[in-house]
Amino acid sequence: MPAERQLPFATIVTGDHYDDASALGRPDAWRLNVGLTRSAYARLFPYGSDGGVDHTVTDTVLPHPGYAPQHWVCVVNPGEATLATVRQLLAEAYAFAVRKHANNRSRQTSS
């Protein structure tokens with residue numbers, strides 16, 4: 001994809017540089033963010049996010065504090081409780097990114 005259209009499918013944030021919702025200034029606190037498809041997000045949060053989420057909670061899959069409307073989720077300090085879910089979400093997000101890249105490449109070669 002063109003550089004201006006490239007987006008990550010997952011990020012790791014280690015401080016409060018972008019937002020302070022997760023209080024990442026705490027010792028050893030970090031947050032994994034994962035961009036999902038609409039259906040994957042709806043599977044986790046069928047009623048959306050009510051905005052009353054405590055984003056400082058650890059080892060819990062939550063709607064992202066800023067990008068939930070774009071179907072992003074987050075986990076502060078993923079651990080044993082979320083390990084299987086996080087692995088599945090990362091695999092799904094990666095597969096979606098691969099599909100988007102392949103679709104873009106096929107559009108470019110057919111033009």
Side-chain angles (χ1 to χ4, degrees):
M1 299 183 90
E4 67 274 4
R5 295 209 44 211
Q6 293 177 4
L7 295 172
F9 63 89
T11 62
I12 292 176
V13 181
T14 59
D16 292 329
H17 312 292
Y18 304 102
D19 68 74
D20 60 2
S22 300
L24 298 178
R26 300 176 278 168
D28 301 318
W30 59 283
R31 184 177 72 209
L32 172 67
N33 304 308
V34 183
L36 304 177
T37 63
R38 181 184 314 256
S39 62
Y41 186 88
R43 189 174 67 238
L44 291 169
F45 304 105
Y47 304 106
S49 170
D50 65 2
V53 175
D54 179 0
H55 286 96
T56 65
V57 174
T58 61
D59 204 14
T60 304
V61 178
L62 301 168
H64 188 279
Y67 296 105
Q70 287 83 25
H71 314 113
W72 280 74
V73 298
C74 66
V75 182
V76 175
N77 293 9
E80 199 154 321
T82 56
L83 182 61
T85 301
V86 164
R87 283 182 173 165
Q88 176 188 352
L89 295 176
L90 285 170
E92 289 177 20
Y94 176 77
F96 182 55
V98 168
R99 284 193 311 272
K100 286 193 302 188
H101 177 73
N103 288 343
N104 186 2
R105 299 266 318 210
S106 68
R107 281 192 298 273
Q108 288 177 352
T109 59
S110 65
S111 297

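The figures that follow rest on heavy atoms only: side chains count, while hydrogens, waters and symmetry mates do not. What you are looking at is a predicted structure, and each value in this text was computed from that prediction instead of being measured.
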Open item on the list: Is there a continuous path of hydrophobic side-chain contacts, each under 4.5 Å between heavy atoms, that joins Phe45 to Tyr67?
Closed with: no

- [ ] Compare every heavy atom of Gly25 with every heavy atom of Asp16, then report the nearest pair and how far apart it is.
- [x] OD2-N, 3.3 Å

Open item on the list: Quick check: is Trp30 connected to Leu90 through a chain of hydrophobic side chains (ILVMFWY, heavy atoms under 4.5 Å apart)?
Closed with: yes

TODO: Please report the closest heavy-atom contact between Val86 and Pro78, naming both atoms and the distance.
DONE: CG2-CB, 4.3 Å

Open item on the list: I want to check something: taking the side chain as every heavy atom from C-beta on, are Arg26 and Asn77 in contact at a cut-off of under 4.5 Å?
Closed with: no

Open item on the list: Could you measure the distance from the CZ atom of Arg38 to the CZ atom of Arg43? Nearest 0.5 Å is fine.
Closed with: 14.5 Å

Open item on the list: Count I, L, V, M, F, W, Y as connected when their side-chain heavy atoms are under 4.5 Å apart, and connections chain through other members. Are Phe96 and Leu7 then in the same cluster?
Closed with: no

Task: Distance in Å, Thr56 OG1 paired with Asp20 CG, rounded so as to fall on 0.5 Å steps - done: 11.0 Å

- [ ] Please answer: with hydrophobic residues joined when any side-chain heavy atoms are less than 4.5 Å apart, are Leu32 and Tyr41 in the same cluster?
- [x] yes

Open item on the list: Could you check whether any side-chain heavy atom of Thr11 comes within less than 4.5 Å of a side-chain heavy atom of His64, counting everything from C-beta outward?
Closed with: no

Open item on the list: Please give me the minimum heavy-atom distance between Asp59 and Gly79, naming the atom from each residue.
Closed with: OD1-N, 2.6 Å

Task: Common cluster, Ile12/Val76, ILVMFWY with side-chain heavy-atom separation under 4.5 Å - done: no

Open item on the list: Under the rule for side-chain hydrogen bond (donor to acceptor under 3.5 Å, both in side chains), what residues qualify as partners of Gln88, not counting sequence neighbours?
Closed with: Glu92

Open item on the list: Under a 3.5 Å distance rule, please check whether Thr60 uses its side chain to pair with a backbone N or O of Thr58 as donor and acceptor.
Closed with: yes

Task: Non-hydrogen atoms of Cys74 and Arg31 that approach each other most closely - done: CB-CD, 3.6 Å

Open item on the list: When you measure from the side chain of Thr37 to the backbone of Ala40, do you find a donor-acceptor pair of N or O atoms at a distance under 3.5 Å?
Closed with: yes

Open item on the list: Within the 4.5 Å heavy-atom criterion, are Pro65 and Trp72 side-chain neighbours or not?
Closed with: no

Open item on the list: Which residues pass the side chain to side chain contact (heavy atoms under 4.5 Å, CB included) test with Tyr18, not counting sequence neighbours?
Closed with: Val13

- [ ] Work out which heavy atom in Ala23 is nearest to a heavy atom in Ala29; give both atom names and the distance.
- [x] O-CB, 4.2 Å

Task: Partners passing side chain to side chain contact (heavy atoms under 4.5 Å, CB included) against Leu44 (at least two apart in sequence or in another chain) - done: Leu36, Val61, Val73, Leu89

TODO: Kindly compute the distance separating CG (Asp54) from CG (Leu62), expressed to the nearest 0.5 Å.
DONE: 8.0 Å

- [ ] Output the distance between atom CG (Leu83) and atom CD (Glu80), rounded to the nearest 0.5 Å.
- [x] 7.5 Å

